[in-house]
Amino acid sequence: PLFDTETRYEISGEGAIDIRLTVTPLKTDLPPLPRLGWQIRMPGEFAHFTWYGRGPHENYVDRRESARIGLYHGSVREQTVPYIKPQENGNKTDVHWARVVNPLGIGLRAEGRPTFETSVSPWTAAELTAAAHFEELPAKDETVFNLDLRQCGLGSNSCGPGPLAPYLFIVQEPVSFDLLLHPCSAEP
């Protein structure tokens with residue numbers, strides 16, 4: 001084992017779930033993590049995404065200066081960046097809250113304590129990695145809602161160096177991630 005994890009759930013009478021994840025590394029010589037968080041898989045009808053954080057385009061810890069904090073919305077498909085070689089994409093940083101809803105406005109809202117990173121996609125990271133070309137991704141009627149404490153920076157590994165040291169996600173001591181999930185309904 002590389003990490004010891006503890007997850008605490010507190011469920012309110014209204015259905016809100018207060019989650020705290022604590023991750024403790026068991027070794028000190030671990031490589032940088034690509035990300036740390038949760039993945040929620042939902043039926044494809046939950047296809048509308050709204051967030052208050054950096055946007056409207058994808059942004060990462062080392063590529064976020066052009067993304068301003070604001071209220072943004074769009075479809076899950078609109079968050080996908082169709083790179084020729086499928087890869088992780090569409091991340092949003094400094095997110096205070098995000099929600100994914102169906103056409104009736106019913107869905108799930110996540111609130112950071114204080115902020116988090118998020119992305120939505122029809123595909124999991126494993127499916128993106130397995131495809132050689134964007135056209136090879138399987139047809140999906142699913143929404144993958146990623147809720148992360150942090151993702152590693154990108155650098156320019158496809159044609160240059162990796163992320164600079166301040167943007168690597170290295171866990172050498174315990175870290176905690178707090179998030180509040182709750183059902184949401186149509187806005188008035």
Side-chain angles (χ1 to χ4, degrees), residues 1-43 46 49-55 58-64 67 69 72 76 79 87-101 106-130 142-155 162-184:
L2 301 176
F3 297 96
D4 182 33
T5 63
E6 179 182 337
T7 306
R8 179 189 55 83
Y9 300 92
E10 202 171 293
I11 303 170
S12 76
E14 293 81 36
I17 305 172
D18 192 352
I19 306 172
R20 178 176 199 129
L21 171 66
T22 302
V23 176
T24 303
L26 299 177
K27 297 183 178 188
T28 57
D29 60 343
L30 296 171
L33 295 179
R35 70 182 337 146
L36 176 65
W38 296 282
Q39 180 183 88
I40 299 173
R41 295 172 80 164
M42 304 168 72
F46 295 92
F49 180 55
T50 303
W51 75 99
Y52 180 68
R54 290 192 183 270
E58 74 173 357
N59 55 91
Y60 293 81
V61 67
D62 60 345
R63 293 183 180 185
R64 65 183 187 181
I69 292 182
Y72 301 99
V76 168
Q79 307 314 307
Q87 56 194 283
E88 181 67 44
N89 68 84
N91 193 56
K92 314 295 192 245
T93 61
D94 297 324
V95 174
H96 294 267
W97 61 264
R99 73 171 177 232
V100 177
V101 297
I106 297 168
L108 183 64
R109 177 179 164 121
E111 295 178 17
R113 304 279 178 101
T115 61
F116 62 104
E117 297 187 23
T118 189
S119 62
V120 291
S121 174
W123 304 284
T124 65
E127 290 168 330
L128 290 167
T129 301
E142 182 175 62
T143 293
V144 178
F145 192 9
N146 295 303
L147 306 163
D148 295 311
L149 169 64
R150 183 168 166 203
Q151 284 198 22
C152 189
L154 297 178
L164 296 174
Y167 304 116
L168 294 173
F169 186 26
I170 299 173
V171 177
Q172 293 183 329
E173 55 189 51
V175 295
S176 292
F177 180 28
D178 296 288
L179 200 65
L180 179 66
L181 298 176
H182 56 90
C184 55

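Everything numeric here is computed off the predicted structure, so don't read it as measured data. Numbering of residues begins at 1 and proceeds along the displayed sequence.
When only modelled atom types and interatomic distance are considered, Glu117 and Asn91 share a side-chain donor-acceptor pair under 3.5 Å.
Taking the six-membered ring where the residue is Trp, Phe49 and Phe145 present perpendicular rings, their angle passing 60° and hence far from 30°.
Residues Phe46 and Glu142 have side chains not in contact (no heavy-atom distance under 4.5 Å, counting atoms from C-beta outward). With a 4.5 Å cut-off on side-chain heavy atoms, Leu149 and Val23 do not count as touching. Side-chain contact between Met42 and Val100 is present, with heavy atoms from C-beta onward closer than 4.5 Å. Side chains of Thr50 and Tyr72 form no contact here, defined as non-hydrogen atoms less than 4.5 Å apart.
Taking all atoms of both residues into account, the shortest heavy-atom contact from Tyr9 to Ile17 is CD2-CG2, 4.0 Å.
Judged by distance alone, with hydrogens and angles left aside, the side-chain atoms of Lys27 form no donor-acceptor pair with the main-chain N or O of Pro25 at under 3.5 Å. Without hydrogens or angle criteria, Asn59 side chain to Thr93 main chain gives a donor-acceptor distance under 3.5 Å. Judged by distance alone, with hydrogens and angles left aside, the side-chain atoms of Arg150 form no donor-acceptor pair with the main-chain N or O of Gly37 at under 3.5 Å.
Partners of Arg20 by side-chain contact (heavy atoms from CB on, under 4.5 Å), not counting sequence neighbours, listed by chain and number: Arg8, Thr22, Ser176, Asp178.
Between Phe177 and Trp38, the distance separating the two ring centers is shorter than 6.0 angstrom.
Separating the CG atom in Leu154 from the CD atom in Glu58 is a distance of 7.5 Å, to the nearest 0.5 Å. The distance from the CD1 atom of Ile170 to the SG atom of Cys152 is 8.0 Å, given to the nearest 0.5 Å.
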Side-chain polar contacts of residues 118-125 - donor-acceptor pairs under 3.5 angstrom, sequence neighbours left out - could you list them?
{"unit_1": "Thr118", "atom_1": "OG1", "unit_2": "Asn146", "atom_2": "O", "d": "2.7"}
{"unit_1": "Ser119", "atom_1": "OG", "unit_2": "Asn146", "atom_2": "ND2", "d": "3.1"}
{"unit_1": "Ser121", "atom_1": "OG", "unit_2": "Trp123", "atom_2": "N", "d": "3.0"}
{"unit_1": "Ser121", "atom_1": "OG", "unit_2": "Trp123", "atom_2": "O", "d": "3.3"}
{"unit_1": "Trp123", "atom_1": "NE1", "unit_2": "Pro138", "atom_2": "O", "d": "2.8"}
{"unit_1": "Thr124", "atom_1": "OG1", "unit_2": "Glu127", "atom_2": "N", "d": "3.1"}
{"unit_1": "Thr124", "atom_1": "OG1", "unit_2": "Glu127", "atom_2": "OE1", "d": "3.4"}

